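Worth saying up front: this structure is predicted, and the values here are computed from it rather than measured.
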Amino acid sequence: MANRTDPAAKSIRGTNPQNLVEKIVRSKIYQNTYWKEQCFGLTAETLVDKAMELDHIGGTYGGNRKPTPFMCLVMKMLQIQPEKDIVVEFIKNDDYKYVRVLGAFYLRLTGIDSDIYRYLEPLYNDYRKVRRKSPDGNFMLTHVDEVIDELLTRDYSCDIALPRIKKRWTLESLGVLDARKSVLEDDFEEEEEKDEMEQDGLEEEVAHEKDYYRARSPARERERDWRRDSHRHRDRDYDRDRDYDRERGRGRDRERDRDRDRDRDRDRDRDRYRLREEKEYGYERERDREREGRERDRRDRERGRRRSRSRSRSREWKRHGRSSMSPRRHEAEDGNAPEESKKKGKKEKKEKKDDGTDHPDPEIAEANRIRASLGLKPLKL
């Protein structure tokens, strides 16, 4: 029940608001102690007190990817879905910079494109320092305007994939947004007016001095006015073209950075997939090699059993045949026993020499003895 979205909450971009956070990060937040102890039972009113206690921003950190309190409060705002007026008050809060960043992050996740540009672009003028926890758990220094620029130009922030928004020039062409006006534009206009007034004053003095000596020429004065106006219009056109080229160069750099990040992620995924395939293929090849070795040993054992069985069967056949001979043949064989014993001894000596068991090398002789017991040919070395 503590992790469910408010039943009165509306779906954002066609899904549950909590689904804007990836499932892995969402499960880490649900298991976090800060979420269980500090975020339980929070409402839109009591959430402000917890936001005022924040002292850093960030996503997840450490080896087990623990979420920061900032991320837990963002998740709580997605769960209870506060009203737009409360979120706008968070953004307009000048006293607590982390409350302002929290409201801006939530609006970037849930707001429409025009509201995002309308409420977040004024924060470019906030240059206050904020602490940010990096993924390795260390703190680094950043500024509010850098965080806002990351929210408006990047696809990821604080380990969360930000929803895509339209480009500002597209909204301007559709008439949804007005042209962006810099805060320093009024100062520039005042400086230009002062310069023009000073220049006009100098020109009047010079003209007065010239008129003192000679009469003023209307044609010459018209030409002077025309040149001054042409120079002014040309400077304005040059400033406008320079601003347009600068904005176009920034957009091109952002596209290049986005393409580079996408290529890096694709290469990392491809390397990870190749390593996994090589590991699985190595395991399968090792299992096949062990299976083949076991099959070879089994075949050798069966071959040795068959050979030993055939030798024992031949010896039994010879013994049975000798016992079934007639008495005369026994006597004849007994009379010829010395000769047969001599022949048998010579034959055994010859077989003993042929099987290689009398080799001078004891290792080779032992190997030939084992091969002879298995019915294999001796080693010829």
Side-chain angles (χ1 to χ4, degrees), residues 1-13 15-84 86-91 93 95-111 120 123 128-142 144 146-148 150-151 154-163:
M1 294 296 292
N3 299 333
R4 288 187 179 180
T5 308
D6 189 358
K10 300 178 181 178
S11 61
I12 298 175
R13 304 181 189 275
T15 184
N16 191 332
Q18 294 192 73
N19 292 340
L20 296 175
V21 182
E22 285 82 353
K23 184 176 181 181
I24 297 177
V25 180
R26 197 163 62 241
S27 61
K28 294 288 185 182
I29 293 174
Y30 291 157
Q31 298 171 5
N32 190 260
T33 306
Y34 184 87
W35 170 265
K36 295 178 181 179
E37 294 181 355
Q38 306 296 330
C39 298
F40 180 77
L42 287 181
T43 60
E45 292 78 10
T46 58
L47 182 67
V48 181
D49 299 333
K50 296 296 180 183
M52 292 168 59
E53 296 175 359
L54 289 175
D55 58 354
H56 65 277
I57 64 173
T60 57
Y61 65 94
N64 55 355
R65 316 307 298 168
K66 294 176 59 178
T68 58
F70 176 82
M71 188 56 57
C72 293
L73 292 181
V74 170
M75 191 68 182
K76 193 63 180 181
M77 292 181 71
L78 292 173
Q79 185 179 10
I80 63 178
Q81 199 177 60
E83 297 180 359
K84 182 180 177 181
I86 299 177
V87 179
V88 172
E89 290 299 326
F90 274 32
I91 296 174
N93 192 326
D95 298 330
Y96 298 94
K97 51 190 175 182
Y98 294 105
V99 175
R100 168 172 284 187
V101 175
L102 180 65
F105 196 92
Y106 176 77
L107 183 64
R108 176 63 178 84
L109 289 176
T110 60
L120 265 62
L123 302 185
R128 288 180 292 181
K129 300 177 182 179
V130 292
R131 292 201 310 168
R132 182 166 188 167
K133 181 169 283 190
S134 59
D136 57 358
N138 298 324
F139 288 98
M140 60 182 183
L141 186 65
T142 184
V144 176
E146 294 178 356
V147 177
I148 299 303
E150 179 180 344
L151 293 177
R154 300 293 181 86
D155 294 334
Y156 272 85
S157 180
C158 297
D159 297 330
I160 292 181
L162 301 176

Contact list for residues 15-41, test salt bridge (charged side-chain N to carboxylate O under 4.0 Å, His left out), sequence neighbours left out: none
State, to 0.1 Å, how close Ile148 and Ala104 come at their nearest heavy-atom pair, and which atoms those are. CD1-CB, 3.9 Å
If you apply the rule side-chain contact (heavy atoms from CB on, under 4.5 Å), what do you find for Phe105 with Ile57, and how did you get there? CA-CA 11 Å; Phe105 196 92; Ile57 64 173; over 6 Å; no
Quick one: closest heavy-atom pair of Thr68 and Gly58, and the distance? OG1-O, 2.7 Å
Roughly how far apart are Leu162 CG and Tyr156 OH, rounded to 0.5 Å? 9.0 Å
Centroid-to-centroid, Phe90 to Tyr106, below 6.0 Å? no
Test your reading of the model: is there a side-chain donor-acceptor pair from Ser134 to the backbone of Phe139, 3.5 Å cut-off? no
Steps toward side-chain contact (heavy atoms from CB on, under 4.5 Å) verdict (Leu20, Thr110): CA-CA 9 Å; Leu20 296 175; Thr110 60; 4.2 Å; yes
Kindly write out the residues that satisfy salt bridge (charged side-chain N to carboxylate O under 4.0 Å, His left out) with Glu146, not counting sequence neighbours, or none if the list is empty. none
Separation between CE of Met77 and CG of Leu109, rounded to the nearest 0.5 Å: 9.5 Å
Does Asn93 reach the main-chain N or O of Val99 with its side chain, forming a donor-acceptor pair under 3.5 Å? no
Between Met75 and Val25, is the side-chain contact (heavy atoms from CB on, under 4.5 Å) condition met? List the steps. CA-CA 10 Å; Met75 191 68 182; Val25 180; over 6 Å; no
On a heavy-atom basis, the closest approach of Thr43 and Thr46 is N-OG1, 2.8 Å
Sidechain-backbone polar pair: Gln81 side chain, Asp6 backbone, donor-acceptor under 3.5 Å: no
Distance in Å, Thr33 OG1 paired with Lys66 NZ, rounded so as to fall on 0.5 Å steps: 7.0 Å
Between Leu151 and Ser157, which heavy-atom pair has the shortest distance, and what is it? CD2-OG, 3.8 Å
Quick check: does any side chain N or O of Arg132 sit under 3.5 Å from a backbone N or O of Thr142, one acting as donor and the other as acceptor? no
Can you check side-chain contact (heavy atoms from CB on, under 4.5 Å) on Arg65 and Ile24, steps first, answer last? CA-CA 10 Å; Arg65 316 307 298 168; Ile24 297 177; over 6 Å; no
Separation between CD1 (Ile12) and CD (Gln18), nearest 0.5 Å, reads 10.5 Å
Could you give the distance from CD1 (Ile29) to NZ (Lys76), rounded to the nearest 0.5 Å? 11.5 Å
Starting at CG of Leu107, measure out to CD1 of Ile91 and round the result to the nearest 0.5 Å. 4.5 Å
Answer yes or no: is there a side-chain heavy-atom contact under 4.5 Å between Met71 and Tyr61? no
Minimum-distance pair of heavy atoms, taken over all atoms of Leu73 and Cys39: CD2-SG, 4.1 Å
Sequence neighbours left out, what pairs pass side chain to side chain donor-acceptor pair (under 3.5 Å) with at least one residue falling in residues 96-105? Asp94-Arg100, Arg100-Asp126
Once the angle between the rings of Trp35 and Tyr30 is folded into 0 to 90°, is it parallel (under 30°), tilted (30 to 60°) or perpendicular (over 60°)? tilted
Under 4.5 Å between any side-chain heavy atoms of Arg13 and Pro163, yes or no? yes
For residues Ile80 and Ala44, report the shortest heavy-atom separation together with the two atoms involved. CD1-N, 3.8 Å
